[in-house]
**Q** 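Pasting in a structure now, in structure tokens, and then I'll have a few things to ask.
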Amino acid sequence: MNVCDFTRYWFEAGATTDPRRAIVKLIFTMLMSYPLAGVLKRLPDTEPWKKNLFLIGSSLFYLVGVFDLWDGIRTLFISAAGAYAIAKYVQGPYMPWLGFVFCMAHMLWSHLYRELWPVPGVVDVTGAQMVLVMKLTAFCWSVHDGRLPAEELSEFQKDRKIDRMPGILDYAAYVLYFPSLFAGPAFDFREYQRWIDCSMFDVVVPDTKRGGTKRKRKIPKSHWPAIKKAVTGLLWILVFLKLGGLYTIEFMQSDEALQYSFLRRVWFLYVFGFVARTKYYGVWSLTEGACILAGLGYNGIDETTKKARWDRVTNIDPWAIETAQNSKAYLEAWNMNTNKWLKNYVYLRVTPKGKKPGFRSSLTTFATSALWHGISPGYYLTFISASFVQTIAKQFRRHVRPLFLAADGQTPSPYKRVYDVFGTVATQLGFSYIVAPFLVLSLSGSIKVWARVGFYGHVAILLAMAFFHSPAKPWLVKKQRERVGRVARKSASMDGLNRTDSSGPLGLLEDPQMDLEEMRGEIVKAVEARRRNSVLASAAHAKLSGGK
């Protein structure tokens with residue numbers, strides 16, 4: 001089993017000379033969060049300070065008592081204290097950007113220090129810091145939104161704005177929320193506030209004694225949803241522990257792998273990717289379950305079943321990932337809270353008010369996501385390659401998929417099943433190839449793994465790009481018009497390559513070519529405007545000189 005993979009980044013909780021001990025400690029803290037969450041839930045709702053102190057004390061127990069992370073406490077304190085000071089004392093529109101730069105720069109320093117000066121046995125909380133960056137940057141934006149007139153805010157901003165700076169105790173408890181300390185999920189401060197004052201659970205229920213209805217403010221029972229998540233998480237971890245030692249990246253990098261057939265190596269790479277995902281499935285399921293047990297996972301009442309929904313902090317959908325038929329569905333089911341953070345606090349914030357998102361929004365979001373993950377070359381190989389996969393997937397959806405639908409653009413044709421099977425196989429094998437560097441991390445190791453499978457992913461990308469830049473594309477458009485006419489053209493425009501109000505999943509560029517074209521267009525406009533201004537200035541100067 002590759003222990004480094006297990007403890008890496010967002011759930012890395014401490015370096016140790018005995019890797020097996022680190023794994024035991026990580027699982028211990030995740031499971032310990034359940035009884036602690038049960039106690040937390042039963043503390044008096046009318047005395048939130050007790051819950052705050054309990055949260056802080058439990059996290060300090062994890063950091064110091066379990067992992068001896070004194071340096072880690074310092075790292076988290078610097079980020080949290082810096083963001084709080086910026087939000088409180090800096091006024092004006094640049095405050096949230098200053099907070100964003102501060103938090104990202106501090107995290108980047110942690111990435112650099114750990115990568116460039118690794119010292120065995122030294123503790124590290126980079127993973128917890130990554131979770132905290134999402135929370136703190138969102139906090140700064142929420143404080144900024146609270147200072148703006150309501151008419152300037154979107155519905156999301158109105159829901160998450162902070163009208164008054166919270167006290168130190170509330171803020172510290174939000175920062176050190178122990179069920180999601182090491183692995184997430186991240187959430188906004190207003191969600192935490194509504195949880196701790198129980199306003200999140202405001203519901204109208206029948207009054208059986210007096211008749212009519214009454215308001216109820218009490219955390220609904222959540223032990224069964226939490227237990228389900230805990231069992232699911234443990235099963236995923238058992239799968240990882242069982243198969244992790246059989247499917248290793250070291251094998252794919254070895255000469256021994258070349259003794260097997262090409263298809264066998266492709267199959268091995270697919271299973272290796274699946275096994276690597278199971279540890280994330282397990283960890284995120286466990287932490288989500290602890291959040292549910294504490295009540296933070298509550299998301300209102302389902303209108304159909306009339307039962308409580310517990311999906312507020314859902315971060316992963318394993319079934320959606322493993323059965324995804326396209327790249328968008330695959331990526332949107334992965335690390336969902338990071339997707340929300342990138343959309344609401346990077347992509348839409350870069351976009352000027354009243355304008356549609358452009359290449360600046362896309363590139364800024366892409367860079368933020370890449371830097372947030374780390375500085376290892378493998379991340380950038382994966383992100384850049386996946387962006388081209390996104391573009392190709394949209395081309396298929398726009399120009400090929402309509403041929404497998406009826407004239408209404410919705411009803412599947414008899415051959416739609418063939419398209420779906422092709423999409424599933426292509427998506428699963430494609431991402432097994434694309435994300436391999438994300439797990440290998442090093443440049444030479446990533447290239448070696450791709451070489452072992454003949455660079456089939458990039459060959460497919462190049463062939464697809466050549467196909468959609470050939471006469472085949474006009475032919476597909478013609479076939480659409482012959483079959484379904486204007487309905488297909490309308491659907492295509494809705495499903496086309498136009499910008500939306502959301503970035504690509506995980507900040508990926510949805511169309512790198514369009515971004516480059518927009519960038520070139522803006523540069524040309526800027527050069528032309530500067531030239532016109534120069535000509536006008538010269539003419540004005542000549543006129544003044546002539547007048548004299």
**Q** Does F156 have any side chain to side chain contact (heavy atoms under 4.5 Å, CB included) partners at least two apart in sequence or in another chain, and if so, which?
**A** S154, R160, D188, N344, Y345
**Q** Donor-acceptor check, side chain of K279 to backbone of A276, threshold 3.5 angstrom: yes or no?
**A** yes
**Q** Ignoring hydrogens and angles, tell me if any N or O in the side chain of D302 forms a donor-acceptor pair with the backbone of R309 under 3.5 Å.
**A** no
**Q** Looking only at heavy atoms, what is the nearest atom pair of R194 and D197, with distance?
**A**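 R194 and D197 have their closest heavy atoms at O-OD1, 3.0 Å.
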**Q** Are I384 and F366 close enough that some pair of their side-chain heavy atoms sits under 4.5 Å apart?
**A**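 SC-SC contact between I384 and F366 confirmed.
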**Q** Taking all atoms of both residues into account, what is the closest heavy-atom pair of D45 and C198, and its distance?
**A** CG-SG, 3.5 Å
**Q** Tell me, do L234 and L31 make a side-chain contact under 4.5 Å, heavy atoms counted?
**A** yes
**Q** Check the pair F187, S180 against side chain to side chain contact (heavy atoms under 4.5 Å, CB included), reporting the backbone distance first and the verdict last.
**A** CA-CA 10 Å; F187 48 89; S180 63; 3.6 Å; yes
**Q** Give a yes or no on whether K88 atom NZ has more than 12 heavy-atom contacts from other residues, nucleotides or ligands under 6.0 Å away.
**A** no
**Q** Does the separation of the ring centres of W334 and Y280 fall below 6.0 angstrom?
**A**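 Ring centroids of W334 and Y280 are less than 6.0 Å from each other.
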**Q** Please verify the inter-ring angle class for H373 with Y379; under 30° counts as parallel, over 60° as perpendicular, anything in between as tilted.
**A**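 Plane angle between 30° and 60°, so tilted.
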**Q** With rounding to the nearest 0.5 Å, note down the distance linking CD in Q193 to OH in Y174.
**A** 10.5 Å
**Q** If the plane angle is over 60° it's perpendicular, under 30° parallel, otherwise tilted; pick one for W341 and W372.
**A**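 Taking W372 first and then W341, their aromatic rings sit tilted (interplane angle of 30° to 60°).
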**Q** Would F67 and V125 count as a side chain to side chain contact (heavy atoms under 4.5 Å, CB included) if you check the C-alpha gap in whole Å, the side-chain angles of each, and the deciding distance to 0.1 Å?
**A** CA-CA 10 Å; F67 295 106; V125 289; over 6 Å; no
**Q** Rounded to the nearest 0.5 Å, what separation is found between the SG atom of C291 and the CZ atom of F178?
**A** 9.0 Å
**Q** Please step through side chain to side chain contact (heavy atoms under 4.5 Å, CB included) for the pair F54 and L36, ending with a clear verdict.
**A** CA-CA 9 Å; F54 187 82; L36 290 177; 3.8 Å; yes
**Q** Taking all heavy atoms of S222 and all of P225, pick out the closest pair and write down the distance.
**A** O-CD, 3.3 Å
**Q** Kindly give the heavy-atom pair with the smallest separation between V143 and M95, and that separation in Å.
**A** CG1-CE, 4.0 Å
**Q** Going by the angle between their ring planes, with limits at 30° and 60°, are Y298 and W310 parallel, tilted or perpendicular?
**A** perpendicular
**Q** Just by distance, do the side chain of D311 and the backbone of G297 share a donor-acceptor pair under 3.5 Å?
**A**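 No; judged by distance alone, with no hydrogens or angles, the pair does not exist.
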**Q** Ring centroid separation for Y171 and F189, is it under 6.0 angstrom?
**A** no
**Q** Can you pull out every salt bridge (Lys or Arg N to Asp or Glu O under 4.0 Å) where at least one residue sits in residues 282-291? Sequence neighbours excluded, please.
**A** K229-E288
**Q** In the structure I gave you, are the side-chain heavy atoms of D159 and R190 within less than 4.5 Å of one another anywhere?
**A**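 Side chain of D159 against side chain of R190, heavy atoms only: no contact under 4.5 Å found.
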**Q** Measuring from atom CD of E322 to atom CZ of R277, what distance do you get when rounded to the nearest 0.5 angstrom?
**A** 4.0 Å
**Q** With sequence neighbours excluded, what pairs up with Q91 under the side chain to side chain contact (heavy atoms under 4.5 Å, CB included) test?
**A**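 With sequence neighbours excluded, Q91 shows a side chain to side chain contact (heavy atoms under 4.5 Å, CB included) to R147, given in chain and number order.
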**Q** So Y113 and W109, would you call those rings parallel, tilted or perpendicular, with 30° and 60° as cut-offs?
**A**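 Because their plane-to-plane angle lies in the 30° to 60° range, the rings of Y113 and W109 count as tilted.
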**Q** Does N326 reach the main-chain N or O of A329 with its side chain, forming a donor-acceptor pair under 3.5 Å?
**A**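 It does hold such a pair.
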**Q** For the residue pair W70 / D68, report whether a side-chain donor-acceptor contact shorter than 3.5 Å exists.
**A** yes
**Q** Are Y94 and L98 side-chain neighbours, meaning at least one heavy-atom pair lies under 4.5 Å?
**A** no
**Q** Less than 4.5 Å apart, any side-chain heavy atom of L331 and any of Q390?
**A**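 In contact.
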**Q** Within the 4.5 Å heavy-atom criterion, are L136 and F102 side-chain neighbours or not?
**A**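 Contact flag for L136/F102 side chains = no.
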**Q** Let's go through L55 and L176 carefully: what are the C-alpha distance in whole Å and the side-chain angles of both, what is the deciding distance for side chain to side chain contact (heavy atoms under 4.5 Å, CB included) to 0.1 Å, and is it a yes or a no?
**A** CA-CA 7 Å; L55 285 164; L176 296 174; 5.9 Å; no
**Q** Looking at side-chain heavy atoms only, is the closest gap between L363 and V350 below 4.5 Å?
**A** no
**Q** Counting C-beta onward and ignoring hydrogens, is there a side-chain heavy-atom pair between K135 and V175 closer than 4.5 Å?
**A**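 The answer is no; the side chains never approach within 4.5 Å.
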**Q** For the CD atom on E152, are there more than 12 heavy atoms of other groups (residues, nucleotides or ligands in this structure) within a distance under 6.0 Å?
**A** yes
**Q** What pair of heavy atoms forms the shortest contact from L286 to M30, and how long is it?
**A**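 In this case the closest contact between L286 and M30 is CD1-SD, 3.8 Å.
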**Q** Can a donor-acceptor pair be found, under 3.5 Å and without considering hydrogens, that links the side chain of T29 to the backbone of L26?
**A**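 Side chain of T29 to backbone of L26: a pair is present.
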**Q** For Q129 and T75, which I'm curious about, is there any donor-acceptor pair between the side chains at under 3.5 Å?
**A**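 Checked: Q129/T75 side chains show no N/O donor-acceptor pair below 3.5 Å.
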**Q** Out of curiosity, T338 OG1 to M134 CE, how far, rounded to the nearest 0.5 Å?
**A** 4.0 Å
**Q** Roughly how far, to the nearest 0.5 Å, is the OG atom of S110 from the CD1 atom of I375?
**A**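 Taking CD1 in I375 and OG in S110, the distance rounds to 11.0 Å.
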**Q** Mind checking the OG-CD spacing from S327 to E332? Nearest 0.5 Å is all I need.
**A** 9.0 Å
**Q** Shortest non-hydrogen contact from I434 to T382?
**A**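 Heavy-atom minimum between the residues: O-OG1, 2.9 Å.
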**Q** Is the side chain of T287 donor-acceptor paired with the backbone N or O of P179 at a distance under 3.5 Å, no angle test?
**A** no
